[in-house]
Amino acid sequence: TRGQNFIVAYTRARPGAVFAREGQVDEYVLLIEEPDVPATIPANGESVTVPGYSLVIVPPGESSIRFPEGGEFVRLFSRDNEDLAALCSNAATYAQQHPNIPPFVKWPEPPTGYRIRAYSLDVPEVPGRFGRLWRCTTFMVNVFYPVGPRDPEALSPHHHDDFEQCSLALGGSYTHHLRWPWTAKQSEWREDEHAVCPAPSVAVIPARSIHTSACTEAEDNRLVDIFAPPRHDFSKMDGWVLNADEYPQPG
């Protein structure tokens with residue numbers, strides 16, 4: 001499935017499965033939340049093996065990902081990969097550019113060049129930091145820590161003026177609450193939405209909609225927030241983006 005600027009490919013692979021990309025136009029992201037799903041990623045003359053529980057940034061060009069034991073994983077691609085965009089179940093929804101979202105502009109290339117970059121999800125929680133965040137030229141990915149049900153009296157309704165939020169649930173269940181601000185035209189008003197999305201699921205939160213999400217299962221609610229391109233506000237928070245030294249912000 002997809003949003004305006006991104007494509008999400010969720011897979012449960014058989015042992016030995018290989019997923020190859022030829023002529024990949026930009027960086028893409030591999031996310032493996034399960035600890036026992038190893039993968040080997042060769043790309044452009046190098047090869048990296050991860051044991052699972054990892055986020056990997058794969059460079060443009062030719063690459064493949066092999067899963068010797070199979071398992072669950074997610075890949076994130078930018079909208080510029082037209083072959084994949086055409087395969088999305090909701091491709092017709094994004095046939096035209098949405099007026100509230102500006103054109104897709106990638107962030108600067110890493111100063112040390114493109115290569116495979118692998119990061120363990122085994123990152124200790126730090127008070128004041130919002131999840132586990134990484135970014136590249138095309139994406140910002142925030143992998144939240146597993147939690148129990150959210151206090152319904154402590155939600156966080158907010159909105160984004162000019163970008164979508166992709167909320168990927170990989171464990172538990174989430175209810176995404178959305179409210180549209182009224183305009184001068186009553187014909188444009190919309191009813192509130194309360195979308196129940198058990199894992200695995202993708203919810204694309206539109207720009208300008210007031211929204212908040214509540215996890216509802218007793219334990220192991222696991223959510224990943226995805227933004228394309230990266231968010232400026234989170235990038236300006238000292239210490240939030242774990243690989244900020246590898247990817248400069250736009251000048």
Q: Does E188 have more than 12 heavy atoms from other residues, nucleotides or ligands lying within 6.0 Å of its CD?
A: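 Counting neighbours around CD of E188, more than 12 heavy atoms of other residues, nucleotides or ligands fall under 6.0 Å, so yes.
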Q: List the atom pairs, with distances to 0.1 Å, where a side-chain N or O of residues 194-209 and a protein N or O form a donor-acceptor pair under 3.5 Å, not counting sequence neighbours.
A:
| unit_1 | atom_1 | unit_2 | atom_2 | d |
| --- | --- | --- | --- | --- |
| H194 | ND1 | H177 | ND1 | 2.7 |
| S201 | OG | C197 | O | 3.3 |
| S201 | OG | P198 | O | 3.3 |
| R208 | NE | D161 | O | 3.4 |
| S209 | OG | P206 | O | 2.8 |

Q: First locate atom OG of S63, then atom CG of L30, and finally report the distance between them rounded to the nearest 0.5 Å.
A: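 These two atoms lie 10.0 Å from each other.
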Q: Measure the shortest side-chain to side-chain distance between C88 and Y94 over non-hydrogen atoms and say whether it is less than 4.5 angstrom.
A: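 Sidechains of Y94 and C88: no contact.
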Q: For W182, what are the other residues in its hydrophobic cluster, where any two members join if their side-chain heavy atoms are less than 4.5 angstrom apart?
A: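 W182 clusters with W189.
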Q: With side-chain contact (heavy atoms from CB on, under 4.5 Å) as the test, pick out the partner of L170 among V224, L223, D220, V143.
A: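 Between L170 and the candidates, side-chain contact (heavy atoms from CB on, under 4.5 Å) is satisfied uniquely by V224.
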Q: Would you kindly say whether T138 and D26 are connected by a side-chain donor-acceptor distance under 3.5 Å?
A: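 Their side chains do not contain a donor-acceptor pair, so the 3.5 Å distance test is not met.
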Q: Between Y247 and E27, is there a side-chain heavy-atom distance shorter than 4.5 Å?
A: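 With C-beta onward as the side chain, the pair touches.
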Q: Can you name the closest pair of heavy atoms from P149 and T216 and give their distance?
A: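 Residues P149 and T216, closest heavy atoms: CB-O, 4.1 Å.
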Q: Are F130 and F144 an aromatic pair by the rule of ring centers under 6.0 Å?
A: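 Yes, ring centres under 6.0 Å apart.
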Q: What distance do L133 atom CG and N142 atom CG have between them, rounded to the nearest 0.5 Å?
A: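 One gets 3.5 Å once the value is rounded to the nearest 0.5 Å.
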Q: Once you round to the nearest 0.5 Å, how far does NZ of K106 lie from CG of N5?
A: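 Between K106 NZ and N5 CG, I get 10.5 Å after rounding to 0.5 Å.
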Q: Does the ring center of W180 lie less than 6.0 Å from the ring center of H159?
A: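 Ring centres of H159 and W180 not closer than 6.0 Å.
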Q: Take E46 and R115 through the salt bridge (charged side-chain N to carboxylate O under 4.0 Å, His left out) test and state the conclusion after the steps.
A: CA-CA 8 Å; E46 63 172 329; R115 59 179 176 83; 5.9 Å; no
Q: Can you check side-chain contact (heavy atoms from CB on, under 4.5 Å) on V8 and L76, steps first, answer last?
A: CA-CA 5 Å; V8 179; L76 308 175; 4.0 Å; yes
Q: Using the ring of each side chain (for Trp, its six-membered ring), is Y174 parallel, tilted or perpendicular to H176, with breaks at 30° and 60°?
A: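 Y174 and H176: parallel rings.
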Q: Side-chain contact, heavy-atom cut-off 4.5 Å: Q249 with P230?
A: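 Of all side-chain heavy-atom pairs linking P230 with Q249, none is under 4.5 Å.
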Q: Any sub-3.5 Å donor-acceptor pair from H211's side-chain atoms to H160's backbone N or O?
A: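 No: the side chain of H211 does not pair with the backbone of H160.
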Q: Nearest 0.5 Å, please: how far is OH in Y119 from CG in L242?
A: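 The CG atom of L242 sits 9.5 Å away from the OH atom of Y119.
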Q: Specify whether F227 and F234 have parallel, tilted or perpendicular ring planes, treating 30° as the upper limit for parallel and 60° as the lower limit for perpendicular.
A: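 Perpendicular: the ring planes of F227 and F234 meet at over 60°.
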Q: With no hydrogens and no angle check, is any side-chain donor or acceptor of D151 less than 3.5 Å from a backbone partner on E153?
A: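 Side chain of D151 to backbone of E153, a donor-acceptor pair under 3.5 Å: yes, one is there.
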Q: Give the C-alpha distance, both sets of side-chain angles, the deciding distance and a yes or no for side chain to side chain donor-acceptor pair (under 3.5 Å) between T175 and R150.
A: CA-CA 10 Å; T175 300; R150 188 171 187 179; over 6 Å; no
